[in-house]
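Down below is the structure, laid out as structure tokens.
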Amino acid sequence: MIVRRLARPLLASVFVAAGIDALRHPGLRSQQAAQLLGKVPDQVPGAQSAAKDPDLFVRVNGAALLGGGILLATGRMPRLASTVLAASIIPTTAIDHAFWDETDPTLKEPSRSLFFKNVGLLGGLLLAAVDTEGRPGLVWRAQHAGKVTRREARHVKRAASREARLIAHQAKDVVS
């Protein structure tokens, strides 16, 4: 559909640009990522190793944004790309737009606005992640197959019952 061909690249453009920026200039984001990763509990696997190298964390997240954005824009594996982007936008939003930590009112409002923009993008990504392009999804196909199988089983049971009655009737006629 034409809407998907237009909407996916439009949605992906933000992520491609953010991914390129994160790969080229991880500096400020690395400081913010280190602060955020320092707050993550020790029980989260990989959090402590990521906290030791926040630059790498920012670049990996940037690569995920770039790769997912390109896949979504080109229509290649759009559901997987949307899921990857949805997962990567969460730390990006927490690092770049933590308006709740901002004390300066002139910086707090733009950060808050960008935070809610990212929340809106997350909603769009979630819709794209579940979009089956008008084709039935796996759940519907499984349920439909179950219904068809049950209906066919009922038909087979009725046919077998009819045949059994017919054979019993014929056997009764032969005996008499």
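All values below come from the heavy atoms of this structure, side chains included, with hydrogens, waters and symmetry mates left out.
Taking each heavy atom of Pro9 and Ala73 in turn, the nearest pair found is CG-O, 3.5 Å. Counting all heavy atoms, side chain and backbone alike, Ala63 lies closest to Leu23 at N-CD2, 4.0 Å. Contact detail for Val16 and Gly69: the closest heavy-atom pair is CG2-C, 3.6 Å. Between Asn61 and Ser88, the shortest heavy-atom distance links the atoms OD1-CB, 3.1 Å. When all heavy atoms are compared, the tightest approach of Ala22 to Gly62 is CB-CA, 3.7 Å.
No donor-acceptor distance shorter than 3.5 angstrom exists from the side chain of Ser113 to the backbone of Glu109, with no hydrogens or angles considered. No donor-acceptor distance shorter than 3.5 angstrom exists from the side chain of Ser111 to the backbone of Leu107, with no hydrogens or angles considered.
Contact check for His169 versus Arg165: no side-chain heavy atoms found under the 4.5 Å cut-off. The closest side-chain heavy-atom distance from Ile70 to Phe15 is not below 4.5 Å. Here the side chains of Leu72 and Leu125 are in contact, with some heavy-atom distance below 4.5 Å. Side-chain contact between Lys117 and Val14 is present, with heavy atoms from C-beta onward closer than 4.5 Å. Side-chain atoms of Lys157 and Arg154, non-hydrogen and from C-beta on, never get closer than 4.5 Å to each other.
Under the 4.5 Å side-chain heavy-atom criterion for ILVMFWY residues, no single connected hydrophobic cluster contains both Leu127 and Leu121. Criterion: ILVMFWY side-chain heavy atoms under 4.5 Å apart, direct or through other members. Under it, Trp100 and Phe116 are part of a common hydrophobic cluster.
Summarising the geometry, atom NE2 belonging to His25 is positioned 10.0 Å from atom CZ belonging to Arg59; distances are rounded to the nearest 0.5 Å. Once rounded to the nearest 0.5 Å, the distance linking CD of Glu163 with CD of Gln170 reads 8.5 Å.
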request  = Given salt bridge (Lys or Arg N to Asp or Glu O under 4.0 Å), test Asp131 with Arg4 step by step and report yes or no.
outcome  = CA-CA 10 Å; Asp131 179 26; Arg4 283 183 188 90; 2.6 Å; yes
request  = Dump the intermediate steps for side-chain contact (heavy atoms from CB on, under 4.5 Å) on Leu114 and Phe99, then the final yes or no.
outcome  = CA-CA 9 Å; Leu114 290 170; Phe99 70 91; over 6 Å; no
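Around CZ of Arg112, the count of heavy atoms belonging to other residues, nucleotides or ligands within 6.0 Å does not exceed 12.
Screening Leu11, Leu65, Leu122, Leu71 for a side chain to side chain contact (heavy atoms under 4.5 Å, CB included) involving Leu85 leaves a single residue, Leu65.
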